[in-house]
Amino acid sequence: MFRLKSVALFAVWLAALASAACSSAPEQPILYQFFTASRLDDNTSLENFATVAFEPHTDGTVNSFTITGVSPERTAPLHLKALGQALDEVKAEDDEFTKRKVEYLSANSEAVHRVLKAEAEHATLKGKDADVQAAWTKFREQGTDMTHKLAEARNRLASESSIVALSVANPSAPVDPTKYEGEMVSKDVTVSASMKLPSGESAQKPLVVTMQRAVLKSDKTITGRWIITGVKDPSAPAGAKTS
């Protein structure tokens with residue numbers, strides 16, 4: 001089965017190259033690769049150049065297509081460098097907080113243990129142990145806040161960097177996008193697709209495929225490859241699922 005699938009994928013690549021040679025549209029090869037990998041349910045291949053898939057069981061399969069339009073490119077600034085610096089600052093704050101917490105625990109370990117035992121037994125503390133309880137409660141609250149701050153900083157960076165990282169991926173020369181300023185370039189490619197629907201019926205449908213790529217700028221400019229980040233059927237009813 002694996003050998004048959006490998007042969008099939010090799011045939012896909014040959015077909016894509018032949019298609020690119022016969023077509024003046026630079027979007028043709030990646031679209032062919034996308035619809036073919038989706039039809040084969042080959043998520044491993046899709047992960048290399050797409051963040052979405054055209055699901056055979058819910059969207060159908062595209063057997064052939066014709067590009068009918070390409071939108072002007074749109075650009076939006078990236079904030080990866082600032083987001084990376086913000087995450088570094090939160091990490092440094094967390095390191096400093098953890099150091100203070102460990103030092104306090106080391107100096108008051110017996111009292112902290114008494115506090116934890118009393119809390120488990122719902123007992124009321126007085127004197128020095130009550131002071132330790134107040135201090136340790138504050139440490140726990142600050143720890144929860146730091147966990148949230150770290151998660152938010154990581155999520156903000158991940159949200160903006162996922163497509164960028166895929167666009168500029170280069171195993172032989174890895175790129176850290178947080179070291180660059182730059183912009184995200186987007187365009188929409190409209191195709192007329194000859195499809196087989198999940199119901200088994202054949203149909204000719206318009207599809208709009210969104211492509212994006214990162215352009216990173218520092219002492220040199222890195223222009224990433226196009227990544228497919230969205231597919232929608234403009235003829236579908238409002239609220240219908242799109243990839």
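Given the structure is predicted, the values throughout are model-derived calculations rather than measurements. These values consider heavy atoms only, across backbone and side chains, with no hydrogens, waters or symmetry-generated copies.
- The backbone N or O of V90 sits nowhere less than 3.5 Å from a side-chain atom of D94 that would complete a donor-acceptor pair.
- With sequence neighbours excluded, the residues forming a side chain to side chain contact (heavy atoms under 4.5 Å, CB included) with R154 are L87, K91, L150, listed by chain and number.
- The hydrophobic clustering, which links ILVMFWY residues whose side-chain heavy atoms are closer than 4.5 Å, places M146 and Y104 together.
- Residues M211 and V208 fall into different hydrophobic clusters, defined by Ile, Leu, Val, Met, Phe, Trp and Tyr side chains chained together at heavy-atom separations under 4.5 Å.
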Please report the C-alpha distance between I228 and V52 in whole Å, then the side-chain angles of each, then the deciding distance to 0.1 Å, and finally whether the side-chain contact (heavy atoms from CB on, under 4.5 Å) criterion is met. CA-CA 7 Å; I228 293 179; V52 295; 4.1 Å; yes
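- Here the side chain of R213 pairs no donor or acceptor atom with the backbone of I227 at under 3.5 angstrom.
- Once rounded to the nearest 0.5 Å, the distance linking OH of Y32 with OG of S64 reads 9.5 Å.
- Between the OG1 atom in T98 and the CG atom in L105 there is a gap of 12.0 Å [rounded to 0.5 Å].
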Audit row: L216, L78, side-chain contact (heavy atoms from CB on, under 4.5 Å) steps and yes/no: CA-CA 9 Å; L216 304 182; L78 291 169; 4.0 Å; yes
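- The side-chain hydrogen bond (donor to acceptor under 3.5 Å, both in side chains) test applied to T221 returns no partner, not counting sequence neighbours.
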E160 and L83: CA distance, side-chain angles, deciding distance, side-chain contact (heavy atoms from CB on, under 4.5 Å) verdict: CA-CA 9 Å; E160 183 150 323; L83 291 172; 4.1 Å; yes
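- No side-chain donor-acceptor contact under 3.5 Å links S159 to the backbone of N155.
- With sequence neighbours left out, S202 forms a side chain to side chain contact (heavy atoms under 4.5 Å, CB included) with no residue at all.
- Between P56 and D41, the shortest heavy-atom distance links the atoms CD-OD1, 4.5 Å.
- Residue pairs meeting the salt bridge (Lys or Arg N to Asp or Glu O under 4.0 Å) criterion with at least one partner in residues 198-212, sequence neighbours excluded, are K205-D233.
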Quick one: side chains of residues 182-198, donor-acceptor pairs under 3.5 Å with protein atoms, not counting sequence neighbours, listed by atom name and distance.
unit_1: S186; atom_1: OG; unit_2: Q212; atom_2: NE2; d: 3.0
unit_1: K187; atom_1: NZ; unit_2: E27; atom_2: OE2; d: 2.7
unit_1: D188; atom_1: OD1; unit_2: T210; atom_2: OG1; d: 2.8
unit_1: D188; atom_1: OD2; unit_2: R74; atom_2: NH1; d: 3.2
unit_1: S192; atom_1: OG; unit_2: Q204; atom_2: NE2; d: 3.0

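- In terms of modelled atom types and a separation under 3.5 Å, the side chain of S106 and the main chain of V102 share no donor-acceptor contact.
- Residue pairs satisfying the side chain to side chain donor-acceptor pair (under 3.5 Å) criterion with at least one member in residues 141-152, sequence neighbours excluded, are listed as follows: E93-K149.
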May I have the step-by-step check of side-chain contact (heavy atoms from CB on, under 4.5 Å) for V231 and D59, ending in yes or no? CA-CA 10 Å; V231 184; D59 303 321; over 6 Å; no
For residues 112-126, which side-chain donor-acceptor pairs fall under 3.5 Å, sequence neighbours excluded?
unit_1: H113; atom_1: ND1; unit_2: S109; atom_2: O; d: 3.2
unit_1: R114; atom_1: NE; unit_2: D129; atom_2: OD1; d: 3.4
unit_1: R114; atom_1: NE; unit_2: D129; atom_2: OD2; d: 2.9
unit_1: R114; atom_1: NH2; unit_2: D129; atom_2: OD1; d: 2.9
unit_1: E119; atom_1: OE1; unit_2: R140; atom_2: NH1; d: 3.0
unit_1: E119; atom_1: OE1; unit_2: R140; atom_2: NH2; d: 3.4
unit_1: E119; atom_1: OE2; unit_2: Q133; atom_2: NE2; d: 3.2
unit_1: E119; atom_1: OE2; unit_2: R140; atom_2: NH2; d: 2.9

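- Here salt bridge (Lys or Arg N to Asp or Glu O under 4.0 Å) pairs that include residues 95-105, with residues two or more places apart or in two chains, are E96-R100.
- For residues 79-90, no residue pair satisfies the side chain to side chain donor-acceptor pair (under 3.5 Å) rule, not counting sequence neighbours.
- Considering only residues two or more places apart in sequence or on other chains, K220 meets the side chain to side chain contact (heavy atoms under 4.5 Å, CB included) condition with Y180, I222.
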I'd like a table of donor-acceptor pairs (distance under 3.5 Å, sequence neighbours excluded) in which one partner is a side-chain atom from residues 162-178, with atom names and distances.
unit_1: S167; atom_1: OG; unit_2: A214; atom_2: N; d: 3.1
unit_1: S167; atom_1: OG; unit_2: R225; atom_2: N; d: 3.3
unit_1: S167; atom_1: OG; unit_2: R225; atom_2: O; d: 2.8
unit_1: N170; atom_1: OD1; unit_2: S172; atom_2: N; d: 3.3
unit_1: N170; atom_1: OD1; unit_2: S172; atom_2: OG; d: 2.8
unit_1: D176; atom_1: OD1; unit_2: T178; atom_2: N; d: 3.1
unit_1: D176; atom_1: OD1; unit_2: T178; atom_2: OG1; d: 2.7
unit_1: D176; atom_1: OD2; unit_2: T178; atom_2: OG1; d: 3.2

Audit row: F54, F34, ring pair (Phe, Tyr, Trp, His ring centres under 6.0 Å) steps and yes/no: CA-CA 8 Å; F54 201 70; F34 173 74; 7.1 Å; no
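- Aromatic ring centres of F35 and F65: separated by under 6.0 Å.
- Between W226 and I30, the shortest heavy-atom contact is O-CD1, 3.3 Å.
- Here the straight-line distance linking atom CG of N48 with atom CG of N43 works out to 11.5 Å at 0.5 Å rounding.
- In terms of heavy-atom proximity, G143 sits nearest to F97 at N-CZ, 3.4 Å.
- Under the side chain to side chain contact (heavy atoms under 4.5 Å, CB included) criterion, P72 pairs with no residue at all, not counting sequence neighbours.
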